Number of protein chains: 2
Amino acid sequence: MARTVAERPDAVLALAHTFRRHGYMGASLSVISAETGLGKGSLYNFFPGGKEEMAQAVLAEVGAWFRTRVYEPLLAPGDPTERIAEMFDRTAGYFESRELVCLFGAFALGQERERFASAIREYFLEWIAALELALTRTGHGPERSHQLAVDTVAGIQGALVISRALGEPEALRASLARLRARITPASGGHDSSQLG
Amino acid sequence: MARTVAERPDAVLALAHTFRRHGYMGASLSVISAETGLGKGSLYNFFPGGKEEMAQAVLAEVGAWFRTRVYEPLLAPGDPTERIAEMFDRTAGYFESRELVCLFGAFALGQERERFASAIREYFLEWIAALELALTRTGHGPERSHQLAVDTVAGIQGALVISRALGEPEALRASLARLRARITPASGGHDSSQLG
DNA sequence: CTTCAGTTGTACTGATAAGTACAGCATAGA
DNA sequence: TCTATGCTGTACTTATCAGTACAACTGAAG
C-alpha cells in the first residue's frame, strides 16, 4: 500500500550512507538531495523536523540493526563463546561494508554528541550490557565481565579510529580477532603470558 | 622582539581549544574570532591559508606536545615499565584537561580525515612506534610488541569514545589503568586467566 | 619624535546554508 | 474513471559561511 514514488524507509537507508560519508555537519541539504535523489520537498515531507530528524531516524535504524543482528543473538541459547564470535563477525562485516564508519562513535567524538546524546548513550549501553551478559555465561565473574565488555566495545571503536587514521581497512579485522581472542581464551588455547 | 599585540603561538593555543569544542567544521570564523578574541584581520594575518592552516598549526602543536612529552620519554633510559606508566599518566592528564578530545582521533572519524590525512597518520604511527619499542624492552617479542602497541593506542582512542558517549569522564582513567595493567603484567602481578 | 613593519577592526564579496511555500504530479482505492 | 492523499521539484527567504580589502592603529627601533 501507498507505494507512490519513494518511501521513508528507503530514504533512511540512503541518508545513512550520506551521513557516513559526509558526517552530520558536512551533509548539507544539497548534498543529501543529490546523493539520495530526493528533492527538498520529499525530504521535508518525510522528515518535517529537518536534518536533525533525518539523523535521528538514521540512528534509530542503525540501533535497531545492531539490536536484532548483534545484541539479541549474543544472548541466544547455545555456546556463548560462539555467540561472541558471531558478534565479532557481524560487527566486522557491518563496518567493512559501510566505509569503516560507526555513526555513533563519530557523533560521540564530534559536536553532534550533545544533540544526539541519549541515542548515542543507549547504543553503547545496550551493546555493553549484552556482551557483559554473554561473558558471564562463559564463566567470567560479574565485575570482570563488565570490565571486559566495556574494554571490548571501546576496543572496537578504537580499532575503527586506527583503521581509518592509518588508511588500513584490513587492520580492523585483525584488531577484532585479537579482541575476540582476549575475551574467549578457551577457544584459542593461549593466555596473555605469550610473548613475541 | 615584535611583541605588538598578539603572537601566533598564543593564537594556536586558543585555536586548539576552539577546534576541540566545536570541531573543524563547527568552528566558523565568527566562532573562532569570538573565542580567541582575535579579529579576522589578525587571524588571516597569522594564517594566510585560512581555517585549514589554523587547523594544521594546531595539529602540529599537539603533535609536538606528544612527541616531547610522551613519545620521547617513552624511550628514555630506565625501567621501561615505569616509562609506560608515565605515558598513561601524561595521556590521561592531557585529555582530562582538554575536554576528553583527541583532535587526531576526532578528525580521523570525521570528514577532516582526507584533508589532514598525513598529520593524522603520522601522529598515530609515531605513538605506536614509540610504545612498540618500549614494549620490546619489557621483554615482549617484536611481533607481540607491535600488536600490543596498536591495540593499546586503539584502546586509548576507544576509551575516549566511550567516555564521551556515556558522559562519564572518570571512565577514561579506569580504562587506561586496565590497558596499562595488560601490557605491563609484571608490575601488577596478575594474568588474563583471572576471572571474576 | 619619527618611522615603519606588524597587528587589528570593519566593511564588503559571492557562495551556500537550512528551511518554507506551493503548485503540480503520481497512484491507490472507490 | 474519478478523487483524495501523499510525493515531488522549483523558487524563494533569511542567515551565515570563508575569504578579501584596506584604513587605522600599535609599539619597538632609530
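If you're wondering where the values come from, they're calculated on a predicted model, not measured in any experiment. Residue numbering restarts at 1 for every chain, and letters A, B, ... go by the order of the sequence lines.
Here D:dG19 presents its C1' atom at 14 Å from CD of B:E52, a figure rounded to the nearest Å. For the pair A:M25 CE and D:dC17 C1', the computed distance is 12 Å after rounding to whole Å. With rounding to whole Å, B:K40 atom NZ is found 19 Å from D:dA23 atom P. One can place CZ of B:F46 at 14 Å from C1' of C:dG9, the figure rounded to the nearest angstrom. To the nearest angstrom, C1' of C:dT8 lies 15 Å from CD of B:E7. Per the geometry, CD1 belonging to B:I32 stands 17 Å off C1' belonging to C:dG9, to the nearest Å. Rounded to whole Å, atom P of D:dA18 lies 13 Å from atom CG of B:L15. Here D:dC17 presents its P atom at 16 Å from CG of A:L29, a figure rounded to the nearest Å.
Between D:dC7 and A:S42, no contact under 4.0 Å exists linking OP1 or OP2 to a side-chain N or O. Residue A:N45 places none of its side-chain N or O atoms closer than 4.0 Å to OP1 or OP2 of D:dG6. The phosphate of C:dA17 (OP1 or OP2) has a side-chain N or O of A:S28 nearer than 4.0 angstrom. The side chain of B:S30 contributes an N or O atom lying less than 4.0 Å from OP1 or OP2 of D:dC17.
Contacts of A:K51 with the nucleic acid, taken as non-hydrogen atoms under 4.0 Å apart, involve only primed sugar atoms and P, OP1 or OP2. Nucleic acid contact for A:Y44: base, since at least one base atom lies under 4.0 Å from a heavy atom of the residue. Using a 4.0 Å heavy-atom distance criterion, A:A27 is classed as a sugar-phosphate-only contact.
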For this session: Please lay out, stage by stage, how B:H146 and B:I128 fare under the test side-chain contact (heavy atoms from CB on, under 4.5 Å).
Result: CA-CA 8 Å; B:H146 180 71; B:I128 291 168; 4.2 Å; yes
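Taking for each of A:M54 and B:G41 the nucleotide of DNA chain C with the nearest heavy atom, the 5'-most of the two is the partner of B:G41. Residue-to-nucleotide proximity on DNA chain C shows that, of B:L38 and A:P48, the 5′-proximal contact is made by B:L38.
Surrounding CD of B:E170 are more than 12 heavy atoms belonging to other residues, nucleotides or ligands, all under 6.0 Å away.
Looking only at side-chain heavy atoms (C-beta outward), A:R164 and A:V101 come within less than 4.5 Å of each other.
Contact detail for A:E86 and A:P73: the closest heavy-atom pair is OE1-CB, 3.5 Å.
A side-chain donor from one of B:H17 and B:E99 sits under 3.5 Å from a side-chain acceptor of the other.
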